[in-house]
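Okay, structure first, notes after.
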Amino acid sequence: MKKFLNSAESFVADSLAGLAAAHPALRVQAEGPDGPFVARRAATQPGKVALVSGGGYGHEPLHGGFVGVGMLDAACPGEVFTSPVPGQILAAAQAVDGGAGVVFVVKNYTGDVLNFQMAAELAAEDTGVAVETVLVDDDVAVRDSTWTAGRRGTGATVFVEKIAGALAERGESLADVADMGRRVNANSRSFAVALTACTTPANGKPGFLLPEDEMEVGVGIHGEPGRSREKLASAREVAALALDAILAEPLFGAQGERQDGVEVIAMVSGLGATPLSELYILFHEASRLLAERDISIVRSLVGNYVTSLDMAGASFTLCRADDELLELWDAPVNTPALRWGL
Amino acid sequence: MKKFLNSAESFVADSLAGLAAAHPALRVQAEGPDGPFVARRAATQPGKVALVSGGGYGHEPLHGGFVGVGMLDAACPGEVFTSPVPGQILAAAQAVDGGAGVVFVVKNYTGDVLNFQMAAELAAEDTGVAVETVLVDDDVAVRDSTWTAGRRGTGATVFVEKIAGALAERGESLADVADMGRRVNANSRSFAVALTACTTPANGKPGFLLPEDEMEVGVGIHGEPGRSREKLASAREVAALALDAILAEPLFGAQGERQDGVEVIAMVSGLGATPLSELYILFHEASRLLAERDISIVRSLVGNYVTSLDMAGASFTLCRADDELLELWDAPVNTPALRWGL
Amino acid sequence: MNTNDHGGAGGSAGTGLDTLDVAAGQDWMTAVAATVSAHKDELTELDAAIGDADHGANLQRGFTAVTAALSGGFEPETVGQLLTKVGMTLISSVGGASGPLFGSAFRAMGKQLATPEADADQLALALRAGLDSVRALGAAAAGDKTMVDALTPAVKAFDDAVAAGLGLVVAARAAADAADEGARATVPMQARKGRASYLGERSIGHQDPGATSTALIFAALAETTARAR
Amino acid sequence: MNTNDHGGAGGSAGTGLDTLDVAAGQDWMTAVAATVSAHKDELTELDAAIGDADHGANLQRGFTAVTAALSGGFEPETVGQLLTKVGMTLISSVGGASGPLFGSAFRAMGKQLATPEADADQLALALRAGLDSVRALGAAAAGDKTMVDALTPAVKAFDDAVAAGLGLVVAARAAADAADEGARATVPMQARKGRASYLGERSIGHQDPGATSTALIFAALAETTARAR
Ligand SMILES: Nc1ncnc2c1ncn2[C@@H]1O[C@H](COP(=O)(O)OP(=O)(O)O)[C@@H](O)[C@H]1O
Ligand SMILES: Nc1ncnc2c1ncn2[C@@H]1O[C@H](COP(=O)(O)OP(=O)(O)O)[C@@H](O)[C@H]1O
Ligand SMILES: [Mg+2]
Ligand SMILES: [Mg+2]
Ligand SMILES: [Mg+2]
Ligand SMILES: [Mg+2]
């Protein structure tokens, strides 16, 4: 295993210590009965709805890198690829509640869902903190059905956290902020492709072995194999494959037709080990393909936003936008990984 | 070779097209007799000194990602790891000159030095554009001597571009902006360690092979091997190794002594394939080591800023700061890769 | 992986325990912690194939925390208090899917056992409550390729043995065997719950990690009860 | 790598060229483009070992551009115009260290050859000017493990042959052999200029890519001049 670390056991704690050292505007509550969690150093403005997210470690900058004005109030990192525990989530919620309640932004994985659900129950039973939960489930690589765990939450999390975070900053109500989060999720779809597996510090070896000329198509962000293994394809083909899967969703209009007037926020996120130069190539191809369908990219992110440790690969996320969403998108934000207007 | 690309030949052009698509505030002059270069879409304010940098492709976000208000006016990308050519640099300089002259920020590599030098000569001979050149040579892994090509330019480039860019934005003179760039360079030192080699699209295979339990110490950003090959070490040891090399420089005070009052801007940059979680671990260790010597980190960057394609590794850069440098560091900047206050 | 490598212990009704008291409950947890540690890498590898390669680390972290929680001056008066503590500790230390699921199973069992010494009938009811709580929380049905596929046959085998009057040792052994068989039966299943469901058909051909660790927990129970005190 | 694989062409004074006219100059460049393409991967691999793995691609791009520049209706009247064009084209298409260095070498040669047909003496002077300009620009001395270590002995061998009255074909052959030998002599050197200098002692044991391509350029000259028209 080739990683910069001191030990698998201290991976998360050491990394959080680095986050704290690098970002004085954040405070990191250390591991323990009340942690770990990352929060803004400044207390929540009374009356402002707080946003708390979290999930397994290994997706940086998600979620700790999105804590700050205009986005999250706190993030709860679990162990690598392991959801945080209820006590930790509850502690974060209590720490950042400004009296107006807390929105949990939860990626749809059984572990995250159950642990946040237990935290919400504890909050209801033992504290006065009102909680609403927004489930993020944007990954179209997962064939959804009522009988399964449903789609995974991936790239749309960034959009949900940014846009609902901006609404919270305006002083809107718990219900409204949560509804906005749900709306952004409903408007968003993702698809990812991997060129290599990732290696968890605890496991020490790649989750799977991929020959030089193959790629995993429809992967998630936890190192699991994807829907299928295919021959390595050009950037153009990879972008087409991902966008075809995403645009098959009725959300983006009838398939095969030109979509005059459809506007999207587009993200191409690296999965951890793919350099920016390649992400721009994918974004170029994606923007060509969308232009062909008359879908306009009105805002975009290209970079490492939702990653999977050291996996080489990229995810594509589109969020169908409207004026309200765009206004909230453009609102000032000041976090380690997303910053503008401040 | 596992990369998202269409062809080795179109790698740079496709990637620049993606940069252009993602950042409407930038314009990308396509390849050709006058290109490629990346420039701000808005014309240079008359009287503002323009900053032009450039170098081989493969170091993204350097340099194109640092074009924007408060930093560069234009960046000239060469082919992968190949410096740009004089005509391209001259075209960029002419395009962004606002009448107050142009500062070339040049990383100290023979190719970059010669090509920028020729461009400067052409500017002097054929145009009215006044040019000053700032050479960046911060990499202490290279044993310097009057007989060699000198130290490489790496991480300090970001500091030079940010701080000199801020001074230019204030309307200072060509000589002053260039001097500031030189001062930042003189105040900065870097050291990098690689866990894997990188693969250029044209070559298609890694530049060297590194066993699972070894690392290259003192590498540059062009895939060349480092000063020595060592057994893989812990994050703590890697940080110590890098900082020992950097702090051996008299710039940071007498060695072994506590350095009360020494303030630095610190950067830990990934080399391309190293995830943020690991960079934070390294930053944590670096901040501990500096604290032990009473050196204060007053500003910091942790992320992928100066990369080497898909190399796994990290570089450490320290810039000895003072009030003037910090004020310029804190000045507003709006580029794809560095943004605050705007 | 054959999870039945519990090292001897025949389980003939004569030599082991008739009831599970607090001390035996603690022994059970010690045995679980040991077997989880011993099988950590195997659990992780099963999870790497169809999940996210953390199940071994998750359970080791959890049962290390359980061991610590039970040793640090904690003196439960009832088996229920013990198992509730186990459940709470798992919930607060494991995370992931398995933390809340195993955690609530132990909590549900704990609720049923407000006694310093549980007999086989009481344990049967408690195990059933544990299963019910996993099903209520995770909404997995039999055949979904989850821990439910080991838990369900284990609880049934325990029930059947108790109903047949065979006593704790035999019931625990029967449950362990059934759990192991149930775990192995997940191999050909296509996952419909948990991370493995994301793989669709590609989940077929791999044994479910949570079902496997469930079998380890039952094997530890069989081992503990079979041991003469 | 033996860069002398110029395929036949003995170089006996009788069969080849006595002078280099514009057409022969063009042939030379065609031959350089061909040999650079043929050796692209080898040049890249040499550069991968002690540099940045782009020398093959750089020169292929450069001489492809040269070929295009010379074919597109460009009709130079003097050898100087031709070589100046070659130099300008290399400067504007190669980048890296080798672009300006080779480019100014050809430009400096071009300045010396304001004639439709250069004889061996004129060429000797021009080659010397090329070497001088590389040394002025790159500041590399003999032994620094750069193209200078192929260029210097090549120019000297050319000079010596011309001074001995041996004519163009023999001079070019001698220069090519000397360049090749010079390139191979870079193997044990420790680099003091260019990227390879960053490696310190680790640069020892590898042949310099720029010296190697220099030898290819001289081999192409020998081949071109040796060929009967
Ligand atoms: N909905 C569910 N119901 C029952 N068991 C489940 C469910 N989802 C997952 N599991 C079990 O949890 C196991 C995975 O646990 P673990 O790896 O620790 O958590 P995670 O999947 O969050 O990484 C699976 O092997 C499966 O047996
Ligand atoms: N200062 C110098 N003087 C002469 N030749 C040099 C100098 N620096 C580098 N070179 C030559 O340039 C060659 C490298 O060219 P190339 O790989 O195309 O450029 P780069 O080093 O910029 O990638 C080296 O092998 C060496 O022969
Ligand atoms: Mg997990
Ligand atoms: Mg180069
Ligand atoms: Mg798991
Ligand atoms: Mg090179």
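Labels below follow one simple rule: chain letters A, B, ... track the order of the sequence lines, proteins then strands, and each chain is numbered from 1.
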Nearest heavy-atom neighbours spanning G64(B) and L26(B):
O-CD1, 3.9 Å

Checking L241(A) against V217(A) for the side-chain contact (heavy atoms from CB on, under 4.5 Å) test, could you report, in this order, the C-alpha distance in whole Å, the side-chain angles of both residues, the deciding distance, and whether it holds?
CA-CA 9 Å; L241(A) 200 118; V217(A) 173; 3.3 Å; yes

What would the table of donor-acceptor pairs between chain B and chain A look like if you include every N and O pair under 3.5 Å, whether backbone or side chain?
{"from": "M1(B)", "atom 1": "N", "to": "E212(A)", "atom 2": "OE1", "distance (Å)": "2.7"}
{"from": "K2(B)", "atom 1": "NZ", "to": "L195(A)", "atom 2": "O", "distance (Å)": "2.7"}
{"from": "K2(B)", "atom 1": "NZ", "to": "P211(A)", "atom 2": "O", "distance (Å)": "2.8"}
{"from": "K2(B)", "atom 1": "NZ", "to": "E214(A)", "atom 2": "O", "distance (Å)": "2.6"}
{"from": "F4(B)", "atom 1": "N", "to": "E278(A)", "atom 2": "OE1", "distance (Å)": "2.9"}
{"from": "L5(B)", "atom 1": "O", "to": "A235(A)", "atom 2": "N", "distance (Å)": "3.0"}
{"from": "N6(B)", "atom 1": "OD1", "to": "A235(A)", "atom 2": "N", "distance (Å)": "3.4"}
{"from": "N6(B)", "atom 1": "OD1", "to": "R236(A)", "atom 2": "N", "distance (Å)": "2.9"}
{"from": "N6(B)", "atom 1": "ND2", "to": "E285(A)", "atom 2": "OE2", "distance (Å)": "2.7"}
{"from": "S15(B)", "atom 1": "OG", "to": "S277(A)", "atom 2": "O", "distance (Å)": "2.8"}
{"from": "A22(B)", "atom 1": "O", "to": "S300(A)", "atom 2": "OG", "distance (Å)": "3.2"}
{"from": "H23(B)", "atom 1": "NE2", "to": "Y280(A)", "atom 2": "OH", "distance (Å)": "2.8"}
{"from": "L195(B)", "atom 1": "O", "to": "K2(A)", "atom 2": "NZ", "distance (Å)": "2.7"}
{"from": "P211(B)", "atom 1": "O", "to": "K2(A)", "atom 2": "NZ", "distance (Å)": "2.8"}
{"from": "E212(B)", "atom 1": "OE1", "to": "M1(A)", "atom 2": "N", "distance (Å)": "2.7"}
{"from": "E214(B)", "atom 1": "O", "to": "K2(A)", "atom 2": "NZ", "distance (Å)": "2.6"}
{"from": "A235(B)", "atom 1": "N", "to": "L5(A)", "atom 2": "O", "distance (Å)": "3.0"}
{"from": "A235(B)", "atom 1": "N", "to": "N6(A)", "atom 2": "OD1", "distance (Å)": "3.4"}
{"from": "R236(B)", "atom 1": "N", "to": "N6(A)", "atom 2": "OD1", "distance (Å)": "2.9"}
{"from": "S277(B)", "atom 1": "O", "to": "S15(A)", "atom 2": "OG", "distance (Å)": "2.8"}
{"from": "E278(B)", "atom 1": "OE1", "to": "F4(A)", "atom 2": "N", "distance (Å)": "2.8"}
{"from": "Y280(B)", "atom 1": "OH", "to": "H23(A)", "atom 2": "NE2", "distance (Å)": "2.8"}
{"from": "E285(B)", "atom 1": "OE2", "to": "N6(A)", "atom 2": "ND2", "distance (Å)": "2.6"}
{"from": "S300(B)", "atom 1": "OG", "to": "A22(A)", "atom 2": "O", "distance (Å)": "3.2"}
{"from": "G341(B)", "atom 1": "N", "to": "L342(A)", "atom 2": "O", "distance (Å)": "2.7"}
{"from": "L342(B)", "atom 1": "O", "to": "G341(A)", "atom 2": "N", "distance (Å)": "2.7"}

Heavy-atom proximity to chain A below 4.5 Å, by part of P24(B)
neither

Can you tell me which of L19(A), L279(A), L301(A), L309(A) forms the most heavy-atom pairs within a distance under 4.5 Å of chain B?
L19(A)

Residue selection (most heavy-atom pairs with chain A, distance under 4.5 Å) from L16(B), L276(B), L5(B)
L5(B)

Contacts of type side-chain contact (heavy atoms from CB on, under 4.5 Å), residue A337(B), not counting sequence neighbours
P61(B), F66(B)

Look at V193(B), L342(B), L271(B), V80(B) and state which one has the largest set of heavy-atom pairs under 4.5 Å with chain A.
L342(B)

Partner chain A: residue of V302(B), V12(B), L195(B), V268(B) with the largest heavy-atom pair count (under 4.5 Å)
L195(B)

Contact class of L232(B) relative to chain A, heavy atoms under 4.5 angstrom
side chain

Below 4.5 Å from any heavy atom of chain A, which atoms of A314(B) appear? Answer side chain, backbone, both or neither.
both

Shorter than 4.5 Å, heavy atoms on both sides: which option in P201(B), A13(B), G270(B), G313(B) has the most such pairs with chain A?
G313(B)

Please state whether the side chain, the backbone, both or neither of P211(B) comes within less than 4.5 Å of a heavy atom of chain A.
backbone

By a 4.5 Å heavy-atom criterion (distance strictly below it), what part of A312(A) contacts chain B: side chain, backbone, both, or neither?
neither

Using non-hydrogen atoms and a 4.5 Å limit, figure out which bit of L210(A) sits close to chain B: side chain, backbone, both or neither.
both

Before giving the answer on side-chain contact (heavy atoms from CB on, under 4.5 Å), spell out for F208(A) and C198(A) the whole-Å C-alpha distance, their side-chain angles and the decisive distance to 0.1 Å.
CA-CA 8 Å; F208(A) 52 86; C198(A) 62; over 6 Å; no

L282(B) versus chain A, heavy atoms under 4.5 Å apart: side chain, backbone, both or neither?
side chain

Going by side-chain contact (heavy atoms from CB on, under 4.5 Å), name the residues that satisfy it together with L290(A), two or more places apart in sequence or in a different chain.
L243(A), L247(A), V264(A), I295(A), I297(A), L318(A)

By a 4.5 Å heavy-atom criterion (distance strictly below it), what part of A17(B) contacts chain A: side chain, backbone, both, or neither?
both

Residue set satisfying side-chain contact (heavy atoms from CB on, under 4.5 Å) with A20(B), at least two apart, ordered chain then number -> V28(B)

What do the steps show when you test F283(B) against M267(B) for side-chain contact (heavy atoms from CB on, under 4.5 Å), and what is the final call?
CA-CA 8 Å; F283(B) 188 77; M267(B) 175 168 79; over 6 Å; no

If you count heavy-atom pairs under 4.5 Å with chain A, which of A266(B), A235(B), G341(B), A239(B) comes out on top?
A235(B)

